[in-house]
Amino acid sequence: MPVDPMLSEYSDLLFKGALTVYVLAMAFHAVEYVTSRARVRAVAAEAAPEPAAVGAAGGTGSTAGSGTADHGRVSEENADVPPPPVKASRPTRSRADRFGRMGVSLTILAVLLHFGSIVLRGLATVRWPLGNMYEFSSAVCLAAMVAWLVVLQRTSKRTRGLRKLGVFVLAPVLVLMFLAGTVLYAQAAPVVPALRSYWLSVHVTTVTLASGLFFVPGVASILYLMKRSGKPAGFVAKLPEADVLDRLAYRVTVVAFPMYTFAVIAGAIWAEAAWGRFWGWDPKETVAFVAWVIYAAYLHARATAGWRHVGAAWINILGLAAIIFNLFFINMVVAGLHSYAGLG
Amino acid sequence: MSSPPTAPPAPPEAPPEPPRRPRGGRAVLALLRNAWRGLTSMRTALVLLFLLALASLPGALLPQRSLNQQLVDKYFADYPRLAPLLDKIGAFEIFATPWFAAIYLLLMISLIGCLTPRSLEYLRAMRQKPVATPRNLSRMPHHAEAEVDGTPDEVLERVRGRLKGWRRAERDEGGVRTVSAERGFLRETGNLVFHVSLVGLLVGIAVGKLFGYEGQVIVLADGNQFCNTSILGYDSFNPGLRVDGTDLAPFCIKVDSFSAEYLPNGQPEQYTAQLGYQSAADVRSGDTATWRPDTLSVNHPLRLDGERVYLLNHGYAPRFTVTWPDGQQRTGEIQWQPVDTTTYLSQGATKFERPGIADDATRQKSSIAITGLFAPTSSGGQVVTSTYPDLLAPEAAIDVMRGDLGLDDGRGQSIFSVDQSKVDSGELVRVARENMVPGQEITLDDGTRIRFDDVTQWVALQVSHDPGQVTVLVFAILILLGLGLSLSIKRRRFWVRVVAAEPGTDGRARSRVELGGLARTDRAGYGEEFDRLRADLLEPAAASTAATTRNGGD
Ligand code: HEM
C-alpha cells in the first residue's frame, strides 16, 4: 500500500512540536520544583512518617483483634493520612503553583500534538502505527505521559505534592523521545508480512501502554529511595513524603502489571499463528518473561517482611530496567524473530 | 506466606523453633519440617523468583541452539576458550538444563506448599462470621462517631440496608449492638486462581513437550504433495520426548501455487500459497480423490484436527533438462537455497544420473550436476547478482560438472552442493560455465544438451502438533482473571457500634453510632469508600456537633 508523504510529513512535524512543548513543560515544572517549599511536616504522630512507624506498628495494631497479619497494615493505613491542606489557607497562588499549573497545561497540549502525530502516521501508512522502533518508542512515551496526567488528575484533590514531580517524569520520557526522533527514526513504510495481523494492534498496543505505565512507578521508586536516604538533603526535602511516592509506585504498578500480563499472552497467541509455536524463548520473549518475573517478585516483596519498602523499590526499578532493556537492546543488538526494528 | 488473611496458627516466618537437639528419627523429621517451612516461605518464593529471572537472562544474551545453531557455532569460533566452559553448564540451551528445571520445579513446590494451607484457611474464613467489633474503634485507621436520630433498632435497619453485599454479623453485647462486616473475599479467590493456574499452565506446557512435535518440509509449489505418514517425509523433525513418529495423523497436503507481493524496494508485503489438503479423517476413510482447498499465508496457518501447517519460507527451484547424445532425457528440479534473504539470490545443485546405461562404472562417470547461482531478478552482465526478490528477470549462472557425483557412496551429501572431494580428486570435472535465462540451451563438448526450462517456486512448511496448547491458553486466561481480581479488589472490614443516647430536645429517640474501618490489603485505598459509608450512615446527623472523623487520605 502506498504511503502518503504529506501526512507522514505532518506527522513528523507534530512529533517535533510535541517534543518542543514537552521541553517547555519540563522547564516549567523544573521552576515549580525549585521554587516550591519543602513540605512542612504535619503533626508528627499523625503523619506517621516511616520508618519509625513501621517498627512501632505492632503495638497499635493489636486492637484490631485479627492477628499478626494486620500489624504492618494498620500503620500503612495510618500513613495514608495527608498533611493538613496548607495551601487552602493561602489566598494567592504561589509562584511554584502558577508554574506547576502551566507545566500541566503544556503537558496536555504536548500530549495532544503527540497523539496527533501517531494518528497521522497510521493514516499515512494505512496501518496500525506501531510497526517499527520509532513508532513504538514514541507511543511508549505517549503512554507514559498519559499515565502521568491520569495520576495527576486522580490525585489532585488529595496529594497535591505530586505535581511538581513532573520534571522527573518528563526527563526520562524526553530522553526516550529524543532518541526515537533521531537514532531510531524510520521513514513511514508498510510492514513485513509477519506483522500483518490484528494481533499486532492488540499485542503491541498493550505492551506499549504497559511499558509506558511502568515508567511512572520506576521514577517514583527512584525518588522514594532518594527520599529515604535523605541525600542530597536540599533536593529531597522538596519531594513528597516517602510514603506518598511508595504508594504511587504501587498503585500504577498494579495497573500496569496485569496489562503487561495480557500483552505477553496476546503475544503468545500471535506467535502461535505467525511462527508456529506460542513460546519459543526468542530473546524478546525471554526478556519479557524476565521482566514479568521481576514485577511478580515486586508484588511478593511487598508481602514479605523485611522487603516491603527499600527492597521492593529496588525491585521495581529493576523491573523498569528490564522493560527498557527489552525495548532497545534486544531489538538493536540481539538477532531474533522480533528484529523488525526498521533500523537497517 | 508472611501475611495470610486471617489469623494464622503461627506466623510462618517466625524464627525456627529454639534449638532443641532431638535425636534419630525425630531429628530427621524436624529437619524435614524445617526444610518444608523454609521452602514454602514467602522469602524463599522471592529468592526463587529472582533466581528464575537471573537464570533466564543468558537465554537472551547468549545464542541458543534451539534458535540458531549457526550463531552458536560462530560463538565457539569467536570465543574458543570460553564457549566450551559455558557449554558445560548448558549456557547454549538454558531452558533445557536440569538446573533451570530445578528452579521452576522448586518454585512450583513452594507454591503448592504455600497455597494449600492458604486455601484451607480461606475456605474456613468464608464460613466463619466476621470478627467481633474491637473494643476501641477509635484506634482503627478509619474512624467516625456521631449521634443520629432514631432508636438503635432503626439505625441498625439503616446499616443493614447500606451494607448489602457485605458479609455481616450482628452481636448484642449487653445493650451495645454491633455489626461487623467484611468484604473483598474475591481478592483471595483471585490470588488462588492465579497461583493454581500457574501450575496448570506448567502442566500444559509439559504435556506439549512430551507429546508434541514439529517438522519442517520443503514442497515444490507446482502441485507437489506431502503426506504426514512418517518422520522420513520431513527434512527435519523435532519430536517430543514421548513421540517416536509411529502414530502421526496421516493428512496430506498438495501445494498448487505460491505467490509473493513485494514493495518497490523489495520488502515483502504478503506471501500466500494455494493448497489442497486431505485431513487425517479423509485419508483414513479412504477418501483420497478430493482435495479441500485452502489458502496458506503468514499469520494464517492451516488448522487441522490437532496439527497446524505453517508457511515458513519460500524460494526458487530452477528446472533443467539434460539430453544425452543417445537421446536419453532427464528433467530435474530441486530447491535452491536463498543465500540473500532480501534479494533471494539462491544457490544450489541439480544432479542427474545418466539413464539407460547398465554398466555402473560408465553410468557414474557420466553423471551431470548443474551448480551455481540463481537470481530471480538478474542484474544482467557477466557477473550475475540479484536485485529484487520477485521473478522478474530470472537468470542462472551455472557450472556444469560431469563425472562421478558420489551419489552411490552411501554417504549423505548436501542437496545444495556437489561433493567437493570428488572435484578435488578429479572424478568430477567442470565442463561448462554459462549464464542462462529460461528457454536457453547449451551443448556440451560430447553433444549433451542442457536446457534451462523454467523456474518453480518452493515453500517451506512447518507442521506443528502440541496437545497441551489449549490447556495452556485456558490457564493463561485464568491467570489473567485471577490477577485482575487479586490486584483490583480490596479486602476491608467495617464495624458499627450503636448505643441508645439521650433523647433529643424534641423528645425523639437518638442513638450514638461509632464506625471503624480497616483495609486489609497492601496500601489499598479505602478512605473514599469509608467516607461514603460515613456520609450515608452519619450524615443525617451532620448538624450534631459530636461528629469526629479521622481517616485516610485516599
Ligand atoms: C511461579 C511463581 C509465582 C508467581 C509468578 C507469582 C506471582 C504473584 C503475583 C503477581 C502476585 C500478586 C497478586 C496479589 O498481590 O494478590 C502474587 C501474590 C502472592 N503470592 Fe505469588 N507467585 C508465585 C509463586 C508464589 C509462591 C511460591 C508463593 C508462596 C510461597 C506465593 C505466595 C503469594 C502470596 C501469599 C501472595 C499474596 C500477597 C499479598 O497478600 O499481597 N507465590 N504472586
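Chain identifiers are assigned alphabetically (A, B, ...) following the order of the sequence lines, protein sequences preceding nucleic acid strands; residue numbering begins at 1 within each chain.
- Of the atoms belonging to B:Ser56, heavy atoms from both backbone and side chain fall under 4.5 Å from chain A.
- Neither the backbone nor the side chain of A:Tyr260 has a heavy atom closer than 4.5 Å to any heavy atom of chain B.
- Heavy atoms closer than 4.5 Å to chain A are found in the side chain of B:Gln462, but not in its backbone.
- For B:Leu137, no part lies under 4.5 angstrom from a heavy atom of chain A.
- When the candidates B:Pro268, B:Gly59, B:Ser66, B:Pro63 are compared by the number of heavy-atom contacts under 4.5 Å with chain A, B:Pro268 comes out ahead.
- For A:Glu272 and B:Gln469, the side-chain atoms include at least one donor-acceptor pair closer than 3.5 Å.
- Across A:Pro258, A:Gly276, A:Ala268, the residue that shares the most heavy-atom pairs under 4.5 angstrom with chain B is A:Gly276.
- When only modelled atom types and interatomic distance are considered, B:Thr178 and B:Trp495 share no side-chain donor-acceptor pair under 3.5 Å.
- Residue A:Trp199 does not touch chain B at all, counting heavy-atom pairs closer than 4.5 Å.
- Contacts between B:Leu473 and chain A at a heavy-atom distance below 4.5 Å involve the side chain alone, from C-beta outward.
- Between A:Phe289 and A:Trp281, a ring centre-to-centre spacing shorter than 6.0 Å is recorded.
- The only member of B:Lys490, B:Arg493, B:Arg187, B:Arg492 that meets salt bridge (charged side-chain N to carboxylate O under 4.0 Å, His left out) when paired with B:Glu182 is B:Arg493.
- Just one of A:Val254, A:Val255, A:Thr253 meets the side chain to side chain contact (heavy atoms under 4.5 Å, CB included) condition when paired with B:Leu487; it is A:Val254.
- Residue contact with chain A, scored on non-hydrogen atoms closer than 4.5 Å, involves the side chain of B:Glu214 exclusively.
- No part of B:Val309 comes within reach of chain A, as not one of its non-hydrogen atoms sits under 4.5 angstrom from that chain.
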Passes ring-ring contact (aromatic ring centres under 6.0 Å, His included), B:Phe494 versus B:Phe530? Steps please. CA-CA 8 Å; B:Phe494 187 69; B:Phe530 186 86; 5.8 Å; yes

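- Between the side chains of B:Ser259 and B:Thr272, at least one donor N or O sits under 3.5 Å from an acceptor N or O.
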